[in-house]
Each structure stands twice: as C-alpha cells, then as structure tokens.
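For this chain, numbers begin at 1 and follow the sequence in order.
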Amino acid sequence: MGFLSVLSFAQKLVAERAQLGDIVVDATVGTGVDTLFLAKTVGPQGTVYGFDIQPLALELARERLNAAAAPGEAGAAEPAAGARAMRKGAGGLAAARLLLRSHAELAAALPEAAHGHVAAVMFNLGYLPVAEMDASARVITLADTTLPALEAALRVLRPGGIVTIVVYPGHEGGDTEGDAVEAWAAALPASQGQTILYRMTQRPKAPYVIAIEKR
C-alpha cells in the first residue's frame, strides 16, 4: 500500500485543521499546487494569501486557479499596487491574493485582522519546478528568509493552527536549509507548539515534511 507522499501528507495535516471560510497562506506559491488545494479547502468564503518572489510562479498559479474554476466562472487576475494579483473566488474556490513578495514579509503583508486567525501556512521549499528553466537560473529558498518566515507564520496562526514545511535536501543548498529548519523546529519551546518529522529514513536525500501545530 505504501505511505502518503510528502505533498499528500502535508495536505492531509492541513485538511484536518482548516475549515470552510478560514484564512490560509501558501508561503511558497511555485506552480500553485498548494494554492489550489488551499482554495478548495477553505471554499468561496475563505481567503488564500500566496507569496512568491518570481512573477512566473504567480502567473502559473493564476492559470491553475482559473482552470480549476467552474466553466464560465474563471476569476480574473487583477493587478494592483506592489505587483499584487487577486483572483476572485469562483467555482467553489476561495479568493486567492497572490503577492510578489518574500515569505519573510508574511506578517507585514497580512492585514492585522488576520493575525492570530490563520488556520494554516504551507511551505514547499526548493525551487520553481519548471522544466524549461535552466538549473543555473533557479531561484532557491534559503534559510536566511525561510526561518524569519516560519517565525512570522507562527505569529499569525491561531491556536491549533498548523505550519507544514516540505523540505528538499537533494539539490545544492537544500540540505543546509533543511538542517536549519530542523534545528529551528527542534528548538521551538513546547509551550509554543509541537513538531513532527515525516521522513523516509532509508533515503536521506528524499523530500520530507516538518510540521508544527501551534499551542
């Protein structure tokens, strides 16, 4: 039967905690896989905030969201100040606010009213998985911004909310970032949250999940 993939496991953890109408965050939009999952999970009354520093990522995510909306209901992407794009809720999906900003700015970018009320924040570290992109041009996530983003995620979560982090140690720099995230999670006081590690111990370079549930 096998175990769940790391992406499916992370989504399972979120689906068990996020509800219709909730506020959720995709801290690393990429191609929009988690963005779409979150938009379905919280529904039309919910809100998804998505962060990425690459315009291509936001465009790919916007296309994915529009394609998933019911026929004739695809939400229009609306460019706004700060290179921000919002997809209107449609087809059973939440409104997605896609931000061309670093996830390290997560707390500053979310409205004050959302602080302490976010149900889930998802991180999918590594790089944008686009086949036509040359490896030398890849923009990878780094501990220098990932760790402040994780701190910010914990601040905006509600009690019982969850942070999921999919770590990719197989590419150059990925193991260094993963080690830093693991050390951060292990040092988190139990009074702030409980952490788990979901990993294939026989494959040290395989992706794995770190998750934190806020107290």
**Student:** Looking only at heavy atoms, which two atoms of L106 and A27 are closest? And how far apart?
**Tutor:** CD1-CB, 4.4 Å
**Student:** If you look at every heavy atom in G116 and P159, which pair is closest and at what distance?
**Tutor:**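 Closest approach of G116 to P159, heavy atoms only: O-CD, 4.3 Å.
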**Student:** Is the shortest heavy-atom distance from the side chain of I53 to the side chain of T145 under 4.5 Å?
**Tutor:**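 No. Closest side-chain heavy atoms not under 4.5 Å.
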**Student:** So, taking the atom named CZ in R64 and the one named CG in L36, what distance separates them when rounded to the nearest 0.5 Å?
**Tutor:**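 Rounded to the nearest 0.5 Å, the CZ-CG separation comes to 7.0 Å.
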**Student:** Not counting sequence neighbours, which residues clear ring-ring contact (aromatic ring centres under 6.0 Å, His included) with F9? List them please.
**Tutor:** Y198
**Student:** Can we say R155 and E151 salt-bridge, meaning some charged N sits less than 4.0 Å from an Asp/Glu carboxylate O?
**Tutor:** no
**Student:** Going by heavy atoms in the side chains, are V181 and L147 under 4.5 Å from each other?
**Tutor:** yes
**Student:** Got L99 and E105 here, is their nearest side-chain heavy-atom distance under 4.5 Å?
**Tutor:**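 No; the side chains remain at least 4.5 Å from each other.
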**Student:** Just verifying a value: how many Å separate K205 NZ and M200 CE, rounded to the nearest 0.5 Å?
**Tutor:** 15.5 Å
**Student:** Does L125 share a hydrophobic cluster with I210, counting links as ILVMFWY side-chain heavy atoms below 4.5 Å and allowing steps through other members?
**Tutor:** yes
**Student:** Under the side chain to side chain contact (heavy atoms under 4.5 Å, CB included) rule, what do L65 and V48 come out as? Steps first, then yes or no, please.
**Tutor:** CA-CA 11 Å; L65 289 164; V48 179; over 6 Å; no
**Student:** Closer than 3.5 angstrom, by distance alone: can the side chain of R199 be matched with the main-chain N or O of P204 as a donor-acceptor pair?
**Tutor:** yes
**Student:** Do D22 side-chain atoms and G46 backbone N/O form a donor-acceptor pair below 3.5 Å?
**Tutor:**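 No.
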**Student:** Is the shortest heavy-atom distance from the side chain of Q11 to the side chain of V14 under 4.5 Å?
**Tutor:**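 Q11 does not reach V14 side chain to side chain.
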**Student:** Might you point out which heavy atoms bring A153 and V163 nearest each other, and give the distance in Å?
**Tutor:** CB-CG2, 3.9 Å
**Student:** Determine whether K40 and L93 make a side-chain contact, defined as any pair of heavy atoms from C-beta on separated by less than 4.5 Å.
**Tutor:**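 With C-beta onward as the side chain, the pair touches.
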**Student:** Could you go through V42 and T47, starting from their C-alpha distance and side-chain angles, then the distance that decides it, and tell me whether this counts as side chain to side chain contact (heavy atoms under 4.5 Å, CB included)?
**Tutor:** CA-CA 7 Å; V42 301; T47 303; over 6 Å; no
**Student:** At what distance, to the nearest 0.5 angstrom, does CD of E172 lie from CZ of R138?
**Tutor:** 10.5 Å
**Student:** For T41, give me all partners under side chain to side chain donor-acceptor pair (under 3.5 Å), at least two apart in sequence or on another chain.
**Tutor:** none
**Student:** Nearest 0.5 Å, what's the CG-OG1 distance between N124 and T35?
**Tutor:** 10.0 Å
**Student:** Over all heavy atoms of both residues, which pair between A57 and L128 is shortest? Give the atoms and the distance, please.
**Tutor:** CB-CD1, 4.0 Å
**Student:** Please determine whether the number of non-hydrogen atoms from other residues, nucleotides or ligands lying under 6.0 Å from atom CD of E63 exceeds 12.
**Tutor:**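 Yes, enclosed.
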**Student:** If you compare all heavy atoms of T164 against all heavy atoms of A10, which two are closest, and at what distance to 0.1 Å?
**Tutor:** CG2-O, 3.8 Å
**Student:** Measure the shortest side-chain to side-chain distance between E182 and P169 over non-hydrogen atoms and say whether it is less than 4.5 angstrom.
**Tutor:**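 No - every pair of side-chain heavy atoms lies 4.5 Å or more apart.
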**Student:** Could you pull out all residues at least two apart from F123 that satisfy ring-ring contact (aromatic ring centres under 6.0 Å, His included)?
**Tutor:**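 Checked F123 against ring-ring contact (aromatic ring centres under 6.0 Å, His included); matches are H103.
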**Student:** Could you tell me the separation between the CD1 atom of I23 and the CG atom of L38, rounded to the nearest 0.5 Å?
**Tutor:** 12.5 Å
**Student:** Give a yes or no on whether L188 and L150 share a hydrophobic cluster (residues Ile, Leu, Val, Met, Phe, Trp, Tyr; joining criterion: side-chain heavy atoms under 4.5 Å apart).
**Tutor:** yes
**Student:** Can you give me the closest heavy-atom contact between A61 and V29, atom names plus distance?
**Tutor:** CB-CG1, 3.4 Å
**Student:** CG of D175 to OH of Y168: how many Å apart, nearest 0.5 Å?
**Tutor:**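 So the gap between those two atoms works out to 15.5 Å.
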**Student:** If you group Ile, Leu, Val, Met, Phe, Trp and Tyr by side-chain heavy-atom gaps below 4.5 Å, do L157 and Y49 land in one group?
**Tutor:**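 Linked, L157 and Y49 end up in one cluster.
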**Student:** Any side-chain to backbone donor/acceptor pair from K214 onto L154? Under 3.5 Å, distance only.
**Tutor:**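 Answer holds: yes.
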**Student:** Establish whether L110 and V121 are linked, either directly or via other cluster members, by ILVMFWY side-chain heavy-atom contacts under 4.5 Å.
**Tutor:** yes
**Student:** Is there a side-chain contact between I196 and L13 in this structure, where contact means two heavy atoms from C-beta onward sitting under 4.5 Å apart?
**Tutor:** yes
**Student:** If you group Ile, Leu, Val, Met, Phe, Trp and Tyr by side-chain heavy-atom gaps below 4.5 Å, do V25 and I212 land in one group?
**Tutor:** yes
**Student:** Are the side chain of T141 and the backbone of G126 linked by a donor-acceptor contact shorter than 3.5 Å?
**Tutor:** yes
**Student:** Say whether, by atom type as modelled, one donor and one acceptor occur between the side chain of R17 and the main chain of A120 under 3.5 angstrom.
**Tutor:** no
**Student:** More than 12 non-hydrogen atoms from neighbouring residues, nucleotides or ligands closer than 6.0 Å to CD on E16, yes or no?
**Tutor:** yes
**Student:** Identify, with sequence neighbours excluded, every residue that meets salt bridge (Lys or Arg N to Asp or Glu O under 4.0 Å) alongside E59.
**Tutor:** R62
**Student:** Only counting residues at least two apart or in another chain, list the ones meeting salt bridge (Lys or Arg N to Asp or Glu O under 4.0 Å) with R215.
**Tutor:**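 If we apply the salt bridge (Lys or Arg N to Asp or Glu O under 4.0 Å) test to R215, skipping adjacent residues, there are no hits.
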**Student:** Check which hydrophobic residues are tied to Y127 through side-chain heavy-atom contacts below 4.5 Å, counting indirect links as well, and list them.
**Tutor:**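 Cluster partners of Y127: I140, L142.
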